[in-house]
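The block underneath contains the structure these notes are about, expressed in structure tokens.
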Number of protein chains: 2
Amino acid sequence: MSTPSENSATLAKRLIDSGLRPTAQREVVFKVILEKRDHPTADEIFARVKSQMPTISLATVYNCLETLVQCQLIRQVNLERAPTRYCPNLHQHAHFHDETTGQIHDIDLPIELMAQLHDVLPAGFNASSIELTFRGDAAGTAQPTVAADCAPTLTSPHGTN
Amino acid sequence: MSTPSENSATLAKRLIDSGLRPTAQREVVFKVILEKRDHPTADEIFARVKSQMPTISLATVYNCLETLVQCQLIRQVNLERAPTRYCPNLHQHAHFHDETTGQIHDIDLPIELMAQLHDVLPAGFNASSIELTFRGDAAGTAQPTVAADCAPTLTSPHGTN
DNA sequence: AAAAGGATTTAGAATTGTTCTAAATCCTTG
DNA sequence: CAAGGATTTAGAACAATTCTAAATCCTTTT
């Protein structure tokens, strides 16, 4: 499941459904984010995309990212005030920010924990989203973990493929 | 407990313990943050402080805030990429960001929940801090809640008064 | 096919929050 | 009181992002 061409098709469908066009720029930005699931910044994405499409501009990368976020194909991850990072993992998950390596790891959240989180809110507080970030050290997590933790998401979140 | 003069004394002690000087600027910045516990931004703090000390500069406000954070007298709160906010509540707590009013509410976190949060981490992940943010709507929370939720913190976190 | 018309891309300017710089000022102490 | 370091200050610099306006690209419509 989720071969490059399937992802591309999903992207096209999602865009068209929103009245937007599946352009080469949007495709390559999306592809680059799926390729290496390491929570890249806009600058990093720009660099990776430029190697395949040297004429693309940074503004376009920002535009595409915004579009992809709006179409719910990727998510923004903000840690402190560092540059925004982008993540194709759409599952409910937390982030672990390794302070020594700078790496970001996705952490799966059990559904029952989500329920408990909602329960700490006093009456009248209605949360539409929850953001959970851990900061610390990840022992023996030299490189792999990110790709391992981050499931290959994106295959018909609503069964519409 | 925690009258203005006590807070001022605590501030002075904490600064001196860190080899820093208790200056008028640091005192007024700290006082202003304690006065109205609404998670102000640096700009807002600057405005409030200027009414009492018209000659202070924005750079000094930033300097003082950094110092207070380092001395563990206040905390930074970052939501999305919006300007950093400052919070004198040092208790373990989450934030609820009301999307309609823009208000930020402090949410107490039971200790057992904190333990459960740590438990979701796979082996090897060692979190030194956890950040939890809710986003949504807070019904019937026109203004008060912030002050109500936010305990008057700061009275000898280590019994050293 | 040509033209119209809107969407998209682009380069560069503008914005914003924050940090840096260097000079002035302020303690504290010898 | 003089020296010396800490602090403050104004303004410049910076970095990430957004805005602007013109160019380009598609998709229709004719």
Side-chain angles (χ1 to χ4, degrees), chain A residues 11-12 14-32 39-50 52-71 73-86 102 104, chain B residues 11-32 39-50 52-71 73-87 102 104:
Chain A
L11 167 62
R14 212 63 88 74
L15 288 169
I16 291 168
D17 285 353
S18 304
L20 302 170
R21 294 177 188 165
T23 66
Q25 287 85 344
R26 282 166 182 166
E27 289 215 358
V28 69
V29 166
F30 188 44
K31 180 157 78 76
V32 143
H39 305 85
T41 63
D43 265 341
E44 286 163 353
I45 293 165
F46 181 44
R48 294 176 198 177
V49 163
K50 249 200 309 206
Q52 298 177 50
M53 183 185 271
T55 59
I56 200 170
S57 77
L58 179 58
T60 299
V61 169
Y62 273 105
N63 289 341
C64 292
L65 289 171
E66 198 195 337
T67 301
L68 294 175
V69 167
Q70 277 165 356
C71 291
L73 290 160
I74 61 172
R75 261 202 223 156
Q76 292 185 309
V77 179
N78 287 301
L79 299 179
E80 315 281 294
R81 288 187 55 76
T84 297
R85 295 174 174 279
Y86 296 86
I104 295 166
Chain B
L11 167 62
K13 185 171 190 321
R14 211 64 88 76
L15 288 169
I16 290 167
D17 285 353
S18 305
L20 301 170
R21 294 178 187 165
T23 67
Q25 287 85 344
R26 284 166 181 166
E27 290 215 357
V28 69
V29 166
F30 188 45
K31 181 157 77 77
V32 143
H39 305 85
T41 63
D43 266 341
E44 286 163 354
I45 292 166
F46 181 42
R48 293 176 198 178
V49 163
K50 248 200 309 206
Q52 297 178 52
M53 184 185 271
T55 59
I56 201 171
S57 77
L58 178 58
T60 299
V61 169
Y62 273 104
N63 289 341
C64 292
L65 289 171
E66 198 195 336
T67 300
L68 295 175
V69 167
Q70 278 166 356
C71 291
L73 290 160
I74 61 172
R75 260 201 224 157
Q76 292 185 309
V77 180
N78 287 300
L79 300 179
E80 315 281 294
R81 289 189 54 76
T84 298
R85 294 175 173 279
Y86 297 86
C87 172
I104 295 166

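Computed from a predicted model, the values in this text were never measured in an experiment. Residue numbers start from 1 in every chain, and the chains themselves are labelled A, B, ... in the order their sequence lines are given, proteins ahead of strands.
The salt bridge (Lys or Arg N to Asp or Glu O under 4.0 Å) check on B:Glu44 picks up B:Arg85, with sequence neighbours excluded. A search for side-chain hydrogen bond (donor to acceptor under 3.5 Å, both in side chains) contacts involving A:Asn63 returns nothing, not counting sequence neighbours.
Inter-axis angle, ends of the helix from C:dA1-D:dT30 to C:dG30-D:dC1, five pairs per end, rounded to 10 degrees: 10°.
With contacts defined as side-chain heavy-atom distances shorter than 4.5 Å, the pair A:Gln52/A:Val32 qualifies. Proximity of B:Leu68 to B:Leu11: side-chain heavy atoms (C-beta onward) are separated by under 4.5 Å at one or more points. Put simply, the side chain of A:Val77 does not reach to within 4.5 Å of the side chain of A:Thr84, judged on heavy atoms.
Going from atom NZ of B:Lys31 over to atom CZ of B:Arg48 covers 12.5 Å, rounded to the nearest 0.5 Å. Residue B:His39 holds its NE2 atom at 9.5 Å from CZ of B:Arg75, rounded to the nearest 0.5 Å. In this structure, OG1 in A:Thr41 is found 9.5 Å from CG in A:Leu65, a value given to the nearest 0.5 Å. Atoms OG1 and CZ, from B:Thr67 and B:Phe30 in turn, are 12.5 Å apart once rounded to the nearest 0.5 Å. Put simply, CD1 on B:Ile56 and NZ on B:Lys50 are 10.0 Å apart, with the number rounded to the nearest 0.5 Å. Rounding to the nearest 0.5 Å gives a distance of 8.5 Å between CG of A:Leu15 and CD of A:Glu27.
Protein chain A touches strand DNA chain D; the 5'-most and 3'-most nucleotides with an atom under 4.0 angstrom of its non-hydrogen atoms are D:dA16 to D:dC26.
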Any N/O pairs under 3.5 Å between the protein and nucleotides 12-19 of chain C? List them or say none.
residue, atom, partner, partner atom, Å
C:dT18, OP1, B:Thr84, N, 2.9
C:dT18, OP1, B:Thr84, OG1, 2.9
C:dT18, OP2, B:Tyr62, OH, 2.6
C:dT18, O5', B:Tyr62, OH, 3.3

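Scanning residues 15-27 of chain B for heavy-atom distances under 4.0 Å to DNA chain D yields B:Leu20, B:Arg21, B:Thr23, B:Gln25, B:Arg26.
Formation of a donor-acceptor pair under 3.5 Å by the A:Arg81 side chain with backbone atoms of B:Asn78 is not found in this model.
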